[in-house]
Amino acid sequence: MAFDGFVISNLVYELNNTILNAKISKIAQPETDELLFTLKGSNGQYRLAMSASASLPFLYLTGTNKPSPLTAPNFCMLLRKHIANGRIVEISQPHMERIINFKIEHLDEMGDLCQKTLIVELMGKRSNIIFCDANGRIIDSIKHVSAAMSSLREVLPGRTYCIPATQDDRLNPLEVTEETFLGSAMKKPLPIAKALYTSFTGVSPLVANEICHRASIDGDMSVDSLTPDAQKHLYHNFAWLMEDVKEHRYEPNIITRDREPVEFSCFRLTEYVGSDDAAEATNSTGAAANGSEYTMQHFSSISAVLEQYYASRNVYTRIRQKSVDLRRIVATALDRSRKKYQLQEKQLKDTEKRDRYKVYGELIHTYGYGLAEGAKELEALNYYTNEMIKIPLDPMLDAKANAQKYFDKYNKLKRTYEALTDLTAETRAEIEHLESIATSLDIALTEDDLVQIKEELIEYGYIRRKRTDKKAKIKSKPFHYRSSDGYDIYVGKNNYQNEELTFKFATGNDWWFHAKQMPGSHVLLKTDGKEVPDRTFEEAASLAAYYSKGREQEKVEVDYVLKKEVKKPAGAKPGFVVYYTNYSMVADTDISNIKQL
């Protein structure tokens with residue numbers, strides 16, 4: 001998914017039609033690399049979210065507010081000092097770069113009208129938000145970049161701002177003539193698509209492949225393989241797309257496959273859905289009418305496209321970053337427990353020969369009365385199997401001592417077996433517990449969810465609680481869904497919530513769901529004493545399938561049973577239950593049609 005110069009172009013056009021001349025009412029910094037502006041203008045109130053995250057930079061209009069830290073970071077305080085109540089007078093994109101410049105007019109301490117520029121660079125790991133004065137001098141930035149960090153340029157207070165010099169040899173695609181196109185991109189000894197995106201600013205591999213597809217040319221072919229006519233044909237398709245940008249003919253959309261987004265763009269991506277509206281129609285199996293497995297979802301604005309995609313990705317990315325320490329602790333403990341379990345299994349297998357030693361001892365007692373001195377083996381009838389066997393002997397010992405030697409071996413292996421049986425069961429339970437915590441980390445969506453998981457790790461000794469740390473206040477709550485038939489369904493996010501749902505919140509005639517033989521959430525379907533329709537059973541099972549270790553699979557087998565049949569074994573860890581009579585169904589992991597409250 002490409003946040004390229006064309007998406008930026010669509011975004012700048014949209015911002016000019018919505019927030020130009022708007023007043024900056026509030027400035028917040030909810031994350032270390034993210035800003036949220038509240039703007040008021042003639043078109044109403046808007047929120048502008050922007051992020052310089054190395055993994056997920058973005059900028060779009062949103063209706064969603066985010067909580068901010070109690071103490072504003074220094075960069076946020078600086079912006080409030082200079083441009084709070086300022087007015088956005090110009091929004092521009094220089095040379096189709098992945099950069100948006102906001103010129104802002106405000107009054108200084110003396111009441112004089114001043115102008116500042118907020119520059120948002122959306123360039124992957126080099127993304128930044130830079131605040132400059134009217135002369136282009138950097139006042140501050142959300143990320144400081146020293147000469148030791150980058151040989152291309154410094155981004156530090158007092159330095160003069162310059163556009164990153166990573167694309168000096170690339171041309172502005174909106175100004176390219178046929179002669180320039182043929183003399184630049186078509187002279188490179190590269191695959192055609194790569195020649196396009198390395199020759200022009202703002203052109204991503206996605207756009208380059210789309211241009212090639214519209215021209216019916218394989219983008220992986222070498223430029224040298226094109227005839228002069230084919231090169232001109234490619235230029236015409238390139239020029240037609242540039243004309244769409246100049247005329248602001250945008251078509252914001254997301255391409256999906258099996259209901260999962262795979263690409264977004266401000267143009268129709270014909271390489272996925274074809275060139276006509278018929279391609280968007282879907283048949284009963286969900287495949288596109290033209291035989292493609294992809295479908296296109298239209299949006300009224302590019303901000304809506306970006307918000308839908310980046311909001312979900314942003315939550316996922318940030319929670320992964322904040323849970324990395326917990327994941328490492330769980331992964332280390334799991335690895336250690338699995339190795340211990342393998343060793344115990346091997347030792348347990350070695351005890352399987354214990355009964356043979358017992359039989360050897362008994363047979364030596366029975367037949368050893370005529371044993372010659374210094375004999376190395378005894379051939380005797382095994383009266384358990386009615387077969388002749390040979391029993392190895394120690395020639396230095398008599399029959400009685402040889403028998404006792406085998407009895408001692410038997411007793412030692414028997415004690416080992418009894419001890420290992422309990423230890424192996426404990427290790428297996430520990431592995432299952434850790435796997436359930438790992439699944440809870442995958443389910444977690446907020447920092448509050450992580451707090452409860454961390455408390456569980458502290459309680460079971462995987463993390464030490466510092467003396468200065470108090471027990472965390474738990475704010476996380478189970479997921480709450482409502483079925484298509486109006487029944488409430490609750491989903492535990494971790495073992496503590498699973499325990500509470502099943503044994504404190506549920507009543508005996510509620511239905512309980514869980515993915516079969518894998519870690520996952522307890523799902524509770526509240527019946528209120530009513531008969532539940534089949535559709536609601538299927539939706540509850542889908543939730544159990546999705547909130548489990550098998551969530552990446554298309555289908556998962558789910559057990560379901562009345563809650564009164566679910567029991568907690570004595571001494572079991574939180575969330576661990578047993579049940580002996582149950583129903584099962586194979587459930588879809590798609591929960592997009594189930595309403596979350």
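Basis for what follows: all heavy atoms, side chains included, without hydrogens, waters or symmetry-related copies.
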We want to know whether Thr62 and Glu307 form a side-chain donor-acceptor pair, criterion being a heavy-atom distance below 3.5 angstrom. yes
Kindly indicate whether the side chain of Leu118, heavy atoms from C-beta on, has any atom under 4.5 Å from the side chain of Ile88. no
Applying ring-ring contact (aromatic ring centres under 6.0 Å, His included), which residue pairs with at least one partner in residues 83-120 are found, sequence neighbours left out? none
For the pair Phe200 and Phe238, name the ring-plane relationship: parallel under 30°, tilted 30 to 60°, perpendicular over 60°. tilted
Atom CG in Leu48, atom CD1 in Ile19: separation rounded to 0.5 Å? 5.0 Å
Does Ala208 have any side-chain contact (heavy atoms from CB on, under 4.5 Å) partners at least two apart in sequence or in another chain, and if so, which? Ala193, Leu196, Tyr197, Val203
Residues at least two apart in sequence or cross-chain that pass salt bridge (charged side-chain N to carboxylate O under 4.0 Å, His left out) with Arg551, listed by chain then number, are none
Distance-only polar pair, side chains of Ser440 and Asn494, donor-acceptor under 3.5 Å: no
If I take atom CG from residue Asp133 and atom OG1 from residue Thr117, how far apart are they, to the nearest 0.5 angstrom? 8.0 Å
What distance do Glu210 atom CD and Phe6 atom CZ have between them, rounded to the nearest 0.5 Å? 11.0 Å
Considering residues at least two apart in sequence or located in another chain, which fulfil the salt bridge (charged side-chain N to carboxylate O under 4.0 Å, His left out) criterion with Arg249? Asp244
Sort out for me which residue in Asn237, Asp218, Thr270 forms a side-chain hydrogen bond (donor to acceptor under 3.5 Å, both in side chains) with His213. Thr270
Which residues share a ring-ring contact (aromatic ring centres under 6.0 Å, His included) with Tyr496, sequence neighbours left out: none
Holding to salt bridge (charged side-chain N to carboxylate O under 4.0 Å, His left out), I want the full list of residues that pass it with Arg47, two or more places apart in sequence or in another chain. none
Suppose we screen for side-chain contact (heavy atoms from CB on, under 4.5 Å). Which residues come up paired with Pro478, at least two apart in sequence or across chains? Gln497, Leu501
Does Phe479 have any side-chain contact (heavy atoms from CB on, under 4.5 Å) partners at least two apart in sequence or in another chain, and if so, which? Ile443, Leu445, Tyr481, Val491, Lys493, Tyr547, Gln596
With Glu14 via salt bridge (charged side-chain N to carboxylate O under 4.0 Å, His left out) - residues at least two apart: none
With ring-ring contact (aromatic ring centres under 6.0 Å, His included) as the rule and sequence neighbours excluded, what pairs involving residues 18-43 come up? none
Residues forming a side-chain contact (heavy atoms from CB on, under 4.5 Å) with Lys187, sequence neighbours excluded: none
With sequence neighbours left out, which residue pairs that include part of residues 111-155 fulfil the ring-ring contact (aromatic ring centres under 6.0 Å, His included) condition? His82-Phe131
Closest non-hydrogen atom pair, Leu234 against Cys212: CD1-CA, 4.2 Å
